[in-house]
There are 2 protein chains.
Amino acid sequence: MPEEKLSPEKQAEGFSIAREKQAVALMEDYVELIAELTDELGEARVADIAERMGVAQPTATKAIARLKREGLATSRPYRGVFLTAEGAQMAKFVYERHRTLVGVLMKIGVSKEAAEIDAEGIEHFVSDEMLAAFKKFLSDT
Amino acid sequence: MPEEKLSPEKQAEGFSIAREKQAVALMEDYVELIAELTDELGEARVADIAERMGVAQPTATKAIARLKREGLATSRPYRGVFLTAEGAQMAKFVYERHRTLVGVLMKIGVSKEAAEIDAEGIEHFVSDEMLAAFKKFLSDT
DNA sequence: TATATTTTATAGCACAGGCTATAATAAGAA
DNA sequence: TTCTTATTATAGCCTGTGCTATAAAATATA
């Protein structure tokens, strides 16, 4: 049963979509992490963000600048980072999507540890339809 | 049932892994596409590669240069692009991983069309363990 | 309060992937 | 064979993400 081929345009569009999603993937990771740190420690500091992202501190500072530019976070010099309403909403969505993915992966037989890491990688590329199907799969089983 | 938190190091490692995988993701896409074109048309030409990737021709040329640099493909000026043994092996692996993913997604309730696009996005971030679990899920069901 | 330490910001560099414009070559037509 | 057309290569630019080294500000300590 060979899958029928997509048209060149469709195929190109798929790659384009994937590229665009990559652009927001990092922002989602930072937003999610800021929410996490705020929750755990009461505030999200640049140093902690950098440590948990596994990047150098200036890299985190630069990413935060971009978050601010895009209206997802705020911060004043030498103070912690805070999510805007929009950023918080994104964090909530990302968190729930992550939990859904981990749930399905574990149900399929992936260990919790691997599921967490895999979900981290793939979560940014999940379509609404796939997410809906995964939620249904979780609640139906 | 709150998931226990990963240590900062583990979490950072997860992000690092995701970043590294992103670096090979594009190469995988190109390799897969070259195999596809060779199969369909007998050869993979730069113009066709660019069209199907949805990028400008010089972008494809540059990507191909990188494939050559990494020993995945060969080409002579103004001729088609060919995979090396290593490149062909990668193409085969990527193809099978893609089919596995699409199979599982469809089994979970995602439409074929969405499954193809979603698989394209997430396939590069799938761990060996997740892939093995997906294969088992497919054959057990 | 003055000084030391920690934290954040800035400067400057590299690489990858995207683009447009243009040159060079190959392939097809006159 | 010569000329036109299609294809590929090259040049040069922008943006994003990463880095190290260093400056500046805030915090902690003497």
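Each chain gets a letter, A, B and so on, in the order its sequence line appears, and its residues count up from 1. Fair warning: this is a prediction, and the values are worked out from it, not measured in the lab.
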Taken to the nearest whole Å, CD/A:E51 to P/C:dT6 is 15 Å

Ignoring backbone atoms, establish whether B:R69 has a side-chain N or O less than 4.0 Å from OP1 or OP2 of C:dA16.
yes

Gap between atoms CD1 and P, on B:I49 and C:dG17 respectively (whole Å)
15 Å

Give one of base, sugar-phosphate or nothing for B:A56, where a contact means two heavy atoms less than 4.0 Å apart.
base

With respect to the phosphate group of C:dG17, does any side-chain polar atom (N or O) of A:R19 fall under 4.0 Å of OP1 or OP2?
no

Would you mind reading off the distance between B:D29 atom CG and C:dG18 atom P, rounded to a whole angstrom?
10 Å

Tell me whether the side-chain N/O atoms of B:R79 come closer than 4.0 Å to OP1 or OP2 in C:dA27.
yes

Please report, rounded to the nearest Å, how far the C1' atom of C:dA9 is from the CZ atom of A:R76.
16 Å

Would you say B:Q89 has more than 12 foreign heavy atoms packed within less than 6.0 Å of its CD?
no

Once hydrogens and angles are ignored, does a donor-acceptor distance under 3.5 Å link the base of C:dG18 to the side chain of B:K62?
yes

Rounded to whole Å, the NE2-P distance (A:H124 to D:dT17) equals 12 Å

Expected output: side-chain B:E28 to main-chain B:M90 donor-acceptor under 3.5 Å:
no

So, OP1 or OP2 of C:dT7: does either fall under 4.0 Å of a side-chain N or O from A:R45?
no

What integer distance in Å separates A:E70:CD from D:dT17:C1'?
14 Å

A:P77 vs B:Q22, nearer the 5' end of DNA chain C by closest nucleotide:
A:P77

Give a yes/no answer on whether the side chain of B:R66 brings an N or O atom under 4.0 Å of OP1 or OP2 in C:dG17.
yes

Which residue, A:L26 or B:Q57, contacts DNA chain D at a nucleotide closer to its 5' end, judged by nearest heavy atom?
B:Q57

Regarding B:P58, tell me which of base, sugar-phosphate or nothing describes its non-hydrogen contacts under 4.0 Å with the strands shown.
base

Which whole-number value in Å describes the distance from B:E43 CD to C:dA27 P?
10 Å

Plane angle bin for B:F125 and A:F125 - parallel if under 30°, tilted between 30 and 60°, otherwise perpendicular:
parallel

Nearest-angstrom distance from the residue atom CG of A:L67 to C1' of C:dA9
16 Å

Would you say A:T59 reaches D:dC19's phosphate, i.e. side-chain N/O to OP1/OP2 under 4.0 Å?
yes

Looking at the base of C:dA9, is there any donor atom on it, or on the side chain of A:Y78, that sits under 3.5 Å from an acceptor on the other one?
no

Do any N or O atoms from the side chain of A:T38 and from the backbone of A:I34 form a donor-acceptor pair under 3.5 angstrom?
yes

Greater than 12 external heavy atoms within 6.0 Å of B:E113's CD:
no

